[in-house]
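Everything on this sheet refers to the single structure shown next.
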Amino acid sequence: MLPKSIDDIFYWFHRFVDRSNLRIEEIEVYFRFPDLDNYGISHKVKYWICAYICLLYIRQFSLHEYYTYQNHTGMPNLKDDKQELNAMLQSIPFFTICLKDVMSNKKFLKTVGLNTIVKERRNRKTSFRS
């Protein structure tokens with residue numbers, strides 16, 4: 001699951017955050033952990049999936065554009081439907097929380113090799129600033 005654009009990232013993030021698209025019971029069925037009692041942990045599983053998607057968001061800024069049509073960090077396309085647009089808007093605060101959590105874990109970012117990208121973007125004061 002490696003996204004090609006910011007649109008892909010927000011599609012997957014919205015899919016996991018929005019309860020009408022993916023119910024908690026479905027998460028428990030698809031993402032089982034054998035040593036854990038799955039009852040009541042689906043919110044934690046949803047959080048960690050969303051944190052992974054935020055890590056993929058940071059990864060987008062490290063990709064090189066080899067062709068002129070590639071734009072890994074372009075603005076996402078907004079939905080025409082007002083309900084879908086409102087749902088996306090409602091999920092932004094949770095996206096920000098997950099992104100800040102991922103960015104604050106410096107040891108983890110160094111392990112996955114994305115610490116330099118975060119430092120560069122913070123110094124430039126653009127994009128994902130916490």
Side-chain angles (χ1 to χ4, degrees):
M1 182 180 136
L2 293 177
K4 295 178 185 174
S5 68
I6 298 293
D7 275 333
D8 292 345
I9 289 170
F10 282 109
Y11 166 78
W12 283 104
F13 189 83
H14 180 67
R15 178 146 188 241
F16 280 99
V17 168
D18 189 23
R19 290 182 184 211
S20 64
N21 286 342
L22 189 66
R23 296 182 342 190
I24 291 174
E25 295 83 18
E26 291 180 45
I27 290 175
E28 291 175 351
V29 168
Y30 291 119
F31 303 99
R32 300 191 65 75
F33 297 94
D35 294 335
L36 296 175
D37 178 17
N38 281 346
Y39 183 72
I41 66 160
S42 56
H43 293 291
K44 291 179 184 178
V45 172
K46 185 184 279 193
Y47 167 79
W48 287 110
I49 292 170
C50 290
Y52 172 72
I53 293 171
C54 287
L55 180 69
L56 293 176
Y57 174 77
I58 294 170
R59 176 191 162 271
Q60 286 299 110
F61 290 88
S62 69
L63 299 177
H64 298 286
E65 296 175 1
Y66 295 106
Y67 300 105
T68 56
Y69 62 85
Q70 288 179 321
N71 189 4
H72 303 295
T73 58
M75 295 297 289
N77 295 323
L78 299 177
K79 306 288 183 186
D80 291 331
D81 183 24
K82 288 183 182 181
Q83 288 179 334
E84 288 181 26
L85 189 59
N86 189 31
M88 271 183 80
L89 184 62
Q90 302 263 334
S91 67
I92 295 298
F94 186 60
F95 182 82
T96 306
I97 290 169
C98 292
L99 185 62
K100 284 182 180 181
D101 289 347
V102 170
M103 288 175 58
S104 67
N105 192 343
K106 296 183 186 331
K107 185 177 178 182
F108 175 67
L109 287 173
K110 187 173 184 177
T111 302
V112 296
L114 294 175
N115 59 333
T116 55
I117 270 301
V118 172
K119 285 180 188 175
E120 284 177 15
R121 292 292 168 165
R122 279 189 177 157
N123 291 339
R124 275 201 256 168
K125 297 183 180 180
T126 58
S127 298
F128 58 86
R129 189 160 180 243
S130 64

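The shown structure was predicted, so the numbers you read here are calculated from the model rather than taken from an experiment. We number each residue from 1, following the sequence as shown.
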Using side-chain heavy atoms (C-beta onward) and a distance below 4.5 Å, is [X] in contact with [Y]?
{"X": "Ile58", "Y": "Leu99", "answer": "yes"}
{"X": "Phe10", "Y": "Val17", "answer": "no"}
{"X": "Val102", "Y": "Tyr52", "answer": "no"}
{"X": "Lys100", "Y": "Thr96", "answer": "yes"}

So, for [X] and [Y], which heavy atoms are closest and what is the spacing to 0.1 Å?
{"X": "Thr116", "Y": "Gly113", "value": "OG1-O, 4.4 Å"}
{"X": "Met88", "Y": "His14", "value": "N-CE1, 4.1 Å"}
{"X": "Tyr47", "Y": "Asp101", "value": "OH-OD2, 2.6 Å"}

Are there over 12 heavy-atom neighbours, none belonging to Phe94, within less than 6.0 Å of that residue's CZ?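 More than 12 within 6.0 Å, yes.
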
Hey, quick one: are Trp48 and Ile97 part of the same hydrophobic cluster, counting side-chain heavy atoms closer than 4.5 Å, chains of contacts allowed? no

Could you grab the distance from atom [atom1] of [X] to atom [atom2] of [Y], nearest 0.5 Å is fine?
{"X": "Ser104", "Y": "Leu109", "atom1": "OG", "atom2": "CG", "result": "8.5 Å"}
{"X": "Leu55", "Y": "Gln60", "atom1": "CG", "atom2": "CD", "result": "11.0 Å"}
{"X": "Phe108", "Y": "Leu114", "atom1": "CZ", "atom2": "CG", "result": "8.0 Å"}
{"X": "Ile9", "Y": "Arg59", "atom1": "CD1", "atom2": "CZ", "result": "8.0 Å"}
{"X": "Ile49", "Y": "Cys98", "atom1": "CD1", "atom2": "SG", "result": "11.0 Å"}
{"X": "Leu85", "Y": "Asp81", "atom1": "CG", "atom2": "CG", "result": "8.5 Å"}

Should the ring pair Tyr57 and Phe95 be called parallel, tilted or perpendicular, given that the plane angle runs from 0 to 90° and is split at 30 and 60?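 Perpendicular, since the angle between the ring planes exceeds 60°.
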
